[in-house]
Amino acid sequence: MTNLRILLTAAGIVIMAWVLNLVRRDRLYVGYGVLLLGSIVGTLVAVLVPQVLTVLTRILGSPSSFATFTVLALLFVLVMLVYILSQLTRIINRVTVLVQALAIQQARRGHPSASVPLQGDSSASAPSPDTSRAAE
Amino acid sequence: MTRVLVAIPTYNERATIADVVRAVRKSAPNFDILVVDDGSGDGTGGVLQELNALVATHLCNLGYGRALQTAIKYAVARNYELLITFDADGQHNPEDIEPLYRRFVEADYDLLIGSRFVESRNYRAMPFARRLGMYVFSMLVRLLASQRIYDTTSGLKVIHRRVFGMLTGRPLVDFHAEVIVYLILRRYRVGEFPITVGARQHGASMYTWLSSIKYPLKISLLILLSVIETKLIRRHSHD
């Protein structure tokens, strides 16, 4: 086994342990943990079992294993980027809903600061907040 | 008198929630009821207001697991001894609450699962994919925790206060096999009690075809974490 493979394997194991610890402490959503662990395992397989890349290269008709790995990695990064940005948008929308609900609650109570305009970007759109009575 | 809270998480169950709340009130008059509205957009909130029910409303949809965590946090804040989880889709029979509660108290469980399969011991009534999933996770619980739990996805459970902190302080998916394995490995008393469950009449299940891919992966990862964590804790306590 070459030094590079040893280094990559060690790094993969360390990152997997880090991901597991983050999931355990609820600092990383379990679904993202699954994606990351799957990616790390896939990368390690590609690095440690060159025959896998060779087969894929033949199937895809790539000029080399390196080209196959690069294309697949780029595709994966692109898909992850779209997914992460959609999750980010979801979070932005939720924050917007919460901020607007709080503002409306303040206005309904006639709080003095209700007349102070909200700071920051107000361009994010979100559905109207639910007005159901919350538990005490 | 033991303070018991019946938690009914709900998401877009406008057609059934009123009947469910009324039926639970009638079957368990001595228990308090909390409905957790998980960001419903179909008018469930309006129905709940008319019922004069105690409601905790999520301003956006967080998922079933987080809705249950909200109920547990409420139970902690209000010093409830026991929490009973109950589905809002009308599939559970409210008449099962009282016998489940009595069995829980008699046998001093920490978690008692209302089980559809503990008596029949088979999953023939389920669609193939769910049957396979239930069997696999049931066997996985047996393999890892040395205890066979036949219904790992039941929404009718009784939970003791002893366990509340554990369930709000760690990652969970839907309070299914990942919770069961964790509690058994941590030496909590977990058991099953037979219940009857009807077919869904209205609305849609929270599980889609995509869930059948995501759900087992997420549950498996959390189960793996529970096993690693417990082994490390035991090794550390032996040192």
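Sequence lines set the chain letters: A, B, ... in the order given, protein chains first and strands last, and positions in each chain run from 1.
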* Structure fact -> For B/R22, the salt bridge (Lys or Arg N to Asp or Glu O under 4.0 Å) test, sequence neighbours excluded, returns B/D19
* Compare all side-chain heavy atoms of B/K157 with those of B/I84 and state whether any distance is below 4.5 angstrom. => no
* **Residue list, salt bridge (Lys or Arg N to Asp or Glu O under 4.0 Å) with B/D87, at least two apart or on another chain** => none
For residues 215-224 of chain B, which side-chain N or O atoms pair as donor and acceptor with protein atoms under 3.5 Å away, sequence neighbours left out?
unit_1: B/Y215; atom_1: OH; unit_2: B/H176; atom_2: ND1; d: 2.7
unit_1: B/K218; atom_1: NZ; unit_2: A/Y29; atom_2: OH; d: 2.8
unit_1: B/S220; atom_1: OG; unit_2: B/P216; atom_2: O; d: 2.6

* Structure fact -> Okay, A/L37 and chain B: the region with an atom under 4.5 Å from a heavy atom over there is side chain
* Asked: Side chain, backbone, both or neither: which part of B/V35 has an atom under 4.5 Å from a heavy atom of chain A?
  -> neither
* Does B/F31 have its ring centroid less than 6.0 Å away from the ring centroid of B/Y101? -> yes
* To do: Considering only NZ, NE, NH1 and NH2 on the basic side and carboxylate oxygens on the acidic side, decide whether B/R66 and A/D26 come within less than 4.0 Å.
  => yes
* Neighbours of chain B found in residues 66-85 of chain A - heavy atoms under 4.5 Å -> none
* Is the shortest distance from a Lys or Arg side-chain nitrogen in B/E81 or B/R162 to a carboxylate oxygen in the other one below 4.0 Å? -> no
